[in-house]
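Right, one structure below, let's go through it.
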Amino acid sequence: MTSLRAETSVADLPTVTFGQRSLMWWGTLGFMVIEGWTLALLLVSYLYLRQSVIQWPPAPSQSPALLMPSITLALMALSVVPAVVVARAGGRLDAPAVKRWLVAHSLIGVAILILRWWDVQSLGVRWDANAYGTAVWMIVGFHTSLLLLDVLDTLGLTLCFFVRRQPVKSFSDAADNSVYWYFTVGIWLPVYLIAYVGPRVI
Amino acid sequence: MSALGNSTIDGGALAPEAVAQNAGALERTWSTKPGVWAWVCTVDHKVIGRRYVITAFAMFLAGGIEAALMRAQLARPENGFLGADRYNQIFTTHGTTMMFLFAVPMMTAMGLYFVPLMIGARSVAFPRLNAFGYWTYLVGIGLLYVALLTNHAPDTGWFAYVPLSETLYAPGHRVDVWAQLVTFTEIAALCAAVNIIVTVFKMRAPGMSVNRIPLFVWAQLVVAFMIVFAMPAVAAGSTLMLAADRAIHMQWFIPARGGDVLLWQHIFWFFGHPEVYIIFLPALGMVTPIVETFCRRPVVGYGAIVMANIATAFFAFGLWVHHMFATPLPELGDSLFTAASLVIAIPSAVQIFCWIATMWTGRPRLTVPMLFVLGFLFTFINGGITGVMLASVPFDRQAHDTFFVVAHLHYVLLGGGVMPLFAGLYFWFPKFTGRLLRNGLGKWHFWLFLIGVNVTFFPMHILGLDGMPRRIYTYLASTGWGPLNLLSSLGAATIAISVIIFLVNVVLSWRGGAVAGPNPWGASGLEWATASPPPPYNFAYPLIVSSAHPLWDAHAALPVATGLRTDRREVLTTTTFDARPDARHSSPRESIWPFYLALCMGVVFIGSIFRPYWVLIGTALSLAGLFGWGWQSTRPIERERIALPNGALVERT
Ligand code: HEM
Ligand SMILES: [Cu+2]
């Protein structure tokens with residue numbers, strides 16, 4: 001083997017980083033793209049099915065009710081606040097603030113998850129009634145599975161922070177958790193517009 | 001040197017004793033302990049990559065046995081060897097195995113093994129995700145092959161067209177097996193893709209800026225992006241749509257309730273066409289370093305090849321409709337997609353011209369890998385020509401669903417995928433085993449394979465033009481198709497013999513082949529800068545790169561970076577574009593959770609075939625696994641150097 005020559009030392013580089021300097025952030029981003037794209041394909045399929053009928057939703061189905069989904073939407077918008085605060089506090093390694101706001105985030109997350117029950121009732125159609133019902137159920141259902149995962153993730157993280165002292169890397173994880181939350185909330189917006197508001201306009 | 005910023009030191013040559021001591025410590029930190037438990041828990045990308053390659057190759061053999069059975073059935077007219085039902089199961093399992101369980105996993109497995117070595121990294125970005133992907137893939141294999149052996153294999157073709165695959169026409173669980181198997185392989189592919197993207201973006205050797213990335217790595221990167229956009233389509237189609245239609249009476253594809261059968265074809269081919277390139281681009285990526293090494297010169301047109309890869313990926317998504325010319329679609333669409341199908345030939349041609357120019361201006365040596373490259377050029381160009389023919393709508397309407405298409409797709413897949421793969425296996429075998437494959441047996445393998453492929457598939461063009469439909473289990477003697485079919489079956493037997501020779505070669509050489517040493521071919525990539533096979537930590541020190549051919553351009557000593565810890569698993573991350581050293585990250589230890597989680601996913605997807613409530617049980621078990629996985633990544637607390645988002649660098653426990 002050829003001999004080696006030391007040209008630089010990396011000993012002074014950090015071992016904990018935030019955002020796009022950390023591997024976990026990239027991994028989270030990758031899964032966001034995959035999940036977002038899957039949802040986009042479902043939405044496109046919904047619009048594709050819409051093309052072949054005159055009336056949408058097809059009779060006897062009716063357009064979904066808007067009240068409860070709109071309340072959920074408002075609560076989702078609100079939930080971004082604790083997520084942002086957690087991310088900022090994480091970036092300062094401020095453990096008490098992270099804990100406090102993770103609890104707030106978890107509580108709102110659980111509330112949104114519960115409200116989702118009424119969102120689904122608002123659809124007013126069974127999944128096996130017709131292709132329209134199938135499409136909206138699958139879209140809302142898929143988003144709900146992401147939501148569930150994210151809420152559980154937040155709960156797990158909160159638990160970890162309370163149960164035992166965390167390595168500093170967990171602050172970076174908490175910040176990434178917020179990024180994933182923005183995504184989960186963000187992709188609900190097209191779902192809300194297409195699945196709930198959509199039937200009234202398209 | 002200044003490319004690395006201000007941390008440049010000149011430590012001079014490293015003393016051999018220091019290097020040896022460093023290697024000893026790394027060995028203790030990075031090696032997987034012996035034993036069954038550790039075997040299941042390992043996260044070493046090389047162990048998993050090798051396992052992946054061997055498993056995928058076993059699937060090539062399984063698919064090959066199915067092919068042999070089909071060719072035996074078709075060898076004579078009115079043959080009673082298999083019968084219609086078995087034949088349907090076998091051609092479906094053959095197509096499914098070859099596409100989902102051999103070709104794509106094989107290509108990603110080669111990436112998972114070699115990408116870190118080629119970019120000078122110690123591991124992949126997410127070692128446990130990597131293990132999880134492999135186990136998921138294995139569970140999927142188990143599902144399909146248990147079904148085949150118990151006479152429950154899918155029988156509606158590897159594309160499972162609705163409505164044939166809906167409950168009405170396909171009662172029982174055969175199609176469910178197909179639908180869920182597909183999802184297993186997609187999850188595995190997505191895990192690999194995310195891993196490869198992040199590994200290439202963040203873990204390249206210092207100095208390996210984007211214009212110095214090896215072309216195989218470029219191909220893997222582009223393909224990983226293709227996987228991210230193609231695989232969700234088929235996973236959505238097969239599980240969220242088809243399996244859901246069948247299990248809980250959803251109505252995606254049932255016209256009586258407003259569903260649409262063409263939606264399936266759009267979703268499937270939106271994945272299915274890019275999939276061909278997902279197989280083909282990594283294969284082309286293997287060709288370049290082989291041509292470079294055996295012509296002893298850098299490839300002509302590095303930039304052109306990178307652009308060709310990106311352009312191929314881009315166009316590949318725009319032409320799924322050419323699989324649907326025989327369906328009632330608007331005419332304008334037809335001509336648009338014909339044009340797109342013709343355009344995509346251009347980037348492939350660019351790559352081919354680059355290699356020809358390299359050979360022309362270099363001094364080619366006809367080693368076995370080079371022979372396979374030449375065989376690839378010959379066979380693939382044939383398949384490309386019939387592809388251009390099929391892109392023309394009037395011709396496609398004639399040839400659709402005949403053996404002409406079978407001929408075309410096998411010329412492309414065997415010529416464009418399998419031959420480069422064999423070239424790559426001969427070339428990189430030392431990096432798996434430390435030994436070289438035998439030359440003489442390799443030549444036998446090559447010639448018999450080349451002859452076999454052409455004798456098997458060339459006659460199918462003629463049979464197809466003569467009207468022999470595909471997916472039929474037999475035909476009447478009065479058609480006159482008997483002799484050419486017999487010839488084709490003899491060709492298949494030749495392929496089988498050649499593959500057996502390859503297997504013999506692998507077994508003999510693995511045990512007693514010539515010891516290769518680090519760089520037996522005098523190649524230029526970083527994977528050749530470490531021992532064959534590489535140690536668990538890949539490289540004793542991160543190598544510093546200042547050209548696209550580091551081993552050819554390095555002079556006296558290889559420049560390296562020091563300062564990574566040896567007492568715990570640490571990897572170096574670099575900046576995305578110019579690859580300046582950026583941070584040290586810890587890399588996980590062995591873990592049981594990936595294996596556990598893959599089994600739970602098995603409960604979710606396989607259980608859903610029989611009773612929907614298994615989805616809930618499996619999900620609950622999976623969530624427990626996710627929690628365990630997360631819990632485990634909280635290490636004992638020690639002093640860390642932290643780069644805060646505001647740029648400050650602090651130290652804390
Ligand atoms: C090793 C030699 C091979 C032989 C002798 C062979 C033979 C065959 C035959 C006879 C069929 C036609 C079945 C029919 O239409 O009745 C077929 C279909 C097919 N083969 Fe192969 N094959 C081989 C390798 C491969 C490889 C390497 C791949 C992919 C990587 C592949 C992918 C397919 C696919 C996708 C189909 C279509 C299956 C369907 O229609 O559902 N084959 N093969
Ligand atoms: Cu295609």
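Lettering follows sequence order; numbering is per chain, from 1. Every heavy atom of this structure was used, including side-chain atoms; hydrogens, water molecules and symmetry mates were not. From a predicted model like this one, the values you see are computed outputs, not experimental measurements.
With a 4.5 Å cut-off on non-hydrogen atoms, A:Leu159 touches chain B through its side chain but not through its backbone. Heavy-atom distances place both the backbone and the side chain of A:Gln20 under 4.5 Å from chain B. With a 4.5 Å cut-off on non-hydrogen atoms, B:Ile642 touches chain A through its backbone and its side chain both. Proximity to chain A involves both the backbone and the side chain of B:Val228, based on heavy atoms less than 4.5 angstrom apart. Looking at B:Leu551, there are no atoms closer than 4.5 Å to chain A (heavy atoms on both sides), in backbone or side chain. Both the backbone and the side chain of A:Val10 come within contact range of chain B, judged by heavy atoms closer than 4.5 Å. Using a 4.5 Å cut-off between heavy atoms, B:Ala244 touches chain A through its side chain atoms alone. Looking at A:Asp153, there are no atoms closer than 4.5 Å to chain B (heavy atoms on both sides), in backbone or side chain. Using a 4.5 Å cut-off between heavy atoms, A:Ser22 contacts chain B through both its backbone and its side chain. Residue B:Val560 touches chain A through both its backbone and its side chain, counting heavy-atom pairs closer than 4.5 Å. Interface remark: A:Leu157 contributes no atoms to any contact with chain B (heavy atom separation under 4.5 Å). If you measure heavy-atom distances from A:Val163 to chain B, the contacts under 4.5 Å come from the side chain alone. Contact annotation for A:Ile34: both backbone and side-chain heavy atoms come within less than 4.5 Å of a heavy atom of chain B.
A distance of 12.0 Å separates CZ of B:Arg580 from OG1 of A:Thr8, quoted to the nearest 0.5 Å. With rounding to the nearest 0.5 angstrom, the OG1 atom of B:Thr576 is 11.0 Å from the CZ atom of A:Arg21. Atom CH2 of B:Trp252 sits about 10.5 Å away from atom OH of A:Tyr46, to the nearest 0.5 Å. Between the CD1 atom of B:Ile248 and the CE atom of A:Met138 there is a distance of 6.0 Å, given to the nearest 0.5 Å.
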Mind listing the side-chain donor-acceptor pairs of residues 195-202 of chain A below 3.5 Å, one per line with the distance, residues two or more places apart or on another chain?
| from | atom 1 | to | atom 2 | distance (Å) |
| --- | --- | --- | --- | --- |
| A:Tyr196 | OH | A:Asp119 | O | 3.2 |
| A:Arg200 | NH1 | A:Pro64 | O | 3.0 |
| A:Arg200 | NH1 | A:Tyr196 | O | 3.3 |
| A:Arg200 | NH2 | A:Pro64 | O | 3.0 |

Acceptor/donor pairs from residues 255-268 of chain B side chains to any protein atom, 3.5 angstrom cut, sequence neighbours excluded:
| from | atom 1 | to | atom 2 | distance (Å) |
| --- | --- | --- | --- | --- |
| B:Arg257 | NH1 | A:Asp128 | O | 2.7 |
| B:Arg257 | NH1 | A:Ala129 | O | 3.0 |
| B:Asp260 | OD1 | B:Leu262 | N | 2.8 |
| B:Trp264 | NE1 | B:Phe159 | O | 3.0 |
| B:Trp264 | NE1 | B:Ala160 | O | 3.4 |
| B:His266 | ND1 | B:Trp320 | NE1 | 3.0 |

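Taking 4.5 Å as the limit, every side-chain heavy atom of B:Ile197 sits out of range of all side-chain heavy atoms of A:Trp26. By the 4.5 Å heavy-atom criterion applied to side chains, A:Leu4 and B:Tyr541 are counted as neighbours. B:Leu623 has its side chain within reach of A:Leu149: a pair of non-hydrogen atoms, C-beta onward, lies under 4.5 Å apart.
When each of B:Phe201, B:Phe627, B:Phe229, B:Phe253 is checked for heavy-atom pairs under 4.5 Å with chain A, B:Phe229 comes out on top. Contacts with chain B were tallied for A:Val53, A:Val33, A:Leu93, A:Leu42; A:Leu93 has the most, counting heavy-atom pairs under 4.5 Å. Across A:Leu23, A:Asn130, A:Thr38, the residue that shares the most heavy-atom pairs under 4.5 angstrom with chain B is A:Leu23. Per-residue heavy-atom pair counts under 4.5 Å with chain B were compared for A:Thr17, A:Val44, A:Leu148, and the maximum is reached by A:Thr17. The most heavy-atom pairs under 4.5 Å with chain B, out of A:Tyr132, A:Trp127, A:Phe171, come from A:Trp127.
There is a side-chain donor-acceptor pair under 3.5 Å between A:Thr15 and B:Glu640.
Shown here for B:Ala643 and A:Phe18, the closest heavy-atom pair between the two residues is O-CD1, 3.4 Å.
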